[in-house]
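In this chain, numbering begins with 1 at the start of the sequence shown.
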Amino acid sequence: MRADIVPGAKFPDYELSDHTGKHRKLSELQALDPMVLILSRGAYCPKDRRQHEGLLQLHREMEVGYCRLVTISTDNITDTNEFRTGVGAHWPFLSDPRRIMQKDLDIAEYTDPQHNPMIPHTIVLEPGLVIYKIYMGYWFFGRPTVEDLRQDLRTVIRKCRPDWDIAAPEMKAAWQQGRKELFYPYGKNYAQTISEQE
């Protein structure tokens, strides 16, 4: 991984085609929420399929917890769709067959010249694409468990959600003062928030 891609740094705002062929920027997909980014070998890899099967339940929790999940692989759009459908995923999958990210981040899996995939990584991002944690998953058990990701998201949400502890006296006072911008959806209405989701 490139030397400047470390916790606390901003992750590059790549723009790639999603599973529908629409160009999407990571910042657009993240909006103002924490996000888990999966850099995947792709549909051919049984380890990646198993990881994504495990993420299905977590994604349901992430949706109600106002967090985002995105998968990126070097697969073409057909294989990207087959991968997404095959594991039963409902989050965005991005396709990078030109290997823009792989080259830019210096994560070519040189031990597999046949498929030329990315070295798998899972990256937990704070709002603004700020890197919280990076897991390298060349070996399956280098990847985070669902519980690891829950704990990471809990920490990130505590940092980025001013209304994490609504029982705090200062939060009750802020609510009574009409300072609704401190409470989810932070100055937006729910219709605006919903329209930002996939």
Side-chain angles (χ1 to χ4, degrees), residues 1-5 9-31 33-60 62-63 67-125 128-129 131 133-146 148-149 195-198:
M1 181 73 77
R2 215 170 72 192
D4 62 327
I5 305 296
K10 187 171 179 176
F11 194 77
D13 192 10
Y14 295 105
E15 183 174 351
L16 300 165
S17 294
D18 71 6
H19 55 275
T20 69
K22 180 179 177 183
H23 284 263
R24 307 288 292 272
K25 291 183 89 170
L26 290 179
S27 58
E28 168 200 341
L29 291 169
Q30 183 181 34
D33 295 323
M35 184 163 76
V36 175
L37 183 62
I38 309 294
L39 306 183
S40 170
R41 283 187 179 112
Y44 79 93
C45 179
K47 297 174 205 65
D48 284 23
R49 287 194 306 274
R50 181 62 198 105
Q51 179 184 21
H52 282 75
E53 289 165 0
L55 289 169
L56 290 172
Q57 181 65 33
L58 180 64
H59 182 247
R60 293 179 65 202
M62 291 175 73
E63 286 183 302
C67 298
R68 308 293 177 102
L69 180 59
V70 174
T71 295
I72 303 174
S73 77
T74 54
D75 287 340
N76 63 39
I77 196 158
T78 302
D79 291 339
T80 296
N81 269 292
E82 289 177 1
F83 183 18
R84 183 174 184 266
T85 302
V87 297
H90 298 284
W91 60 87
F93 276 48
L94 303 182
S95 176
D96 186 17
R98 295 183 348 199
R99 291 160 172 76
I100 294 165
M101 286 183 61
Q102 180 210 60
K103 293 170 188 169
D104 186 53
L105 295 175
D106 192 22
I107 56 171
E109 190 172 319
Y110 57 87
T111 58
D112 185 0
Q114 178 185 349
H115 296 103
N116 189 22
M118 296 185 277
I119 296 170
H121 286 79
T122 302
I123 303 169
V124 180
L125 297 167
L129 299 177
I131 299 166
K133 194 176 279 186
I134 301 171
Y135 296 91
M136 197 275 288
Y138 179 74
W139 287 97
F140 184 77
F141 289 108
R143 300 171 192 215
T145 65
V146 168
D148 290 332
L149 292 174
S195 72
E196 291 174 351
Q197 296 175 6
E198 182 198 15

### Message
For P92 versus H19, what's the shortest heavy-atom pair and its separation?
### Response
CA-CE1, 3.7 Å

### Task
To the nearest 0.5 angstrom, please state how far the OG atom of S27 sits from the CG atom of D13.
3.5 Å

### Query
Do T122 and Q51 meet the criterion of a side-chain donor-acceptor pair at a distance under 3.5 Å?
yes

#### Entry: Flag, side chain of R84 to backbone of L94, donor-acceptor distance under 3.5 Å
no

### Message
Ignoring hydrogens and geometry beyond distance, is a side-chain donor-acceptor pair present between Y14 and D104 at under 3.5 Å?
### Response
yes

### Task
Mark yes when over 12 heavy atoms from residues, nucleotides or ligands other than R99 sit less than 6.0 Å from its CZ; otherwise mark no.
yes

### Message
Looking at R50 and E53, is any side-chain nitrogen of the basic one under 4.0 Å from a carboxylate oxygen of the acidic one?
### Response
yes

### Heavy-atom pair with the smallest gap, counting every atom of G42 and S73
CA-CB, 3.9 Å

### Query
Is R68 reaching over with its side chain to a backbone N or O of L29, donor-acceptor style, under 3.5 angstrom?
yes

### Query
Taking D96 for the side chain and M101 for the main chain, is one N or O donor matched with an acceptor at less than 3.5 Å?
yes

### Message
Taking K47's backbone N and O only, do any of them form a donor-acceptor pair with R49's side chain (distance below 3.5 Å, no angle check)?
### Response
no

### Message
Quick check against the 3.5 Å criterion: does D75 have a side-chain atom that pairs as donor or acceptor with the backbone of A43?
### Response
yes

### Task
Starting at CD of E82, measure out to CG of N76 and round the result to the nearest 0.5 Å.
8.5 Å

#### Entry: Backbone of P117 reached by a side-chain donor or acceptor of R41 within 3.5 Å
no

### Query
Out of curiosity, H23 NE2 to L16 CG, how far, rounded to the nearest 0.5 Å?
8.5 Å

### Message
Does R2, at its CZ atom, have more than 12 non-hydrogen atoms belonging to other residues, nucleotides or ligands within less than 6.0 Å?
### Response
yes

### Task
Find out whether L56 and W91 are in side-chain contact, i.e. whether some heavy atom of one side chain is under 4.5 Å from a heavy atom of the other.
yes

### Nearest-0.5 Å distance that lies between atom CD1 in I72 and atom OG1 in T74
11.0 Å

### Rounded distance (nearest 0.5 Å) linking atom CG of L69 with atom NE2 of H52
7.0 Å

### Donor-acceptor pair, side chain of Q30 and main chain of L129, under 3.5 angstrom
yes

### CZ-CD1 distance between F93 and I38, expressed to the nearest 0.5 angstrom
9.0 Å

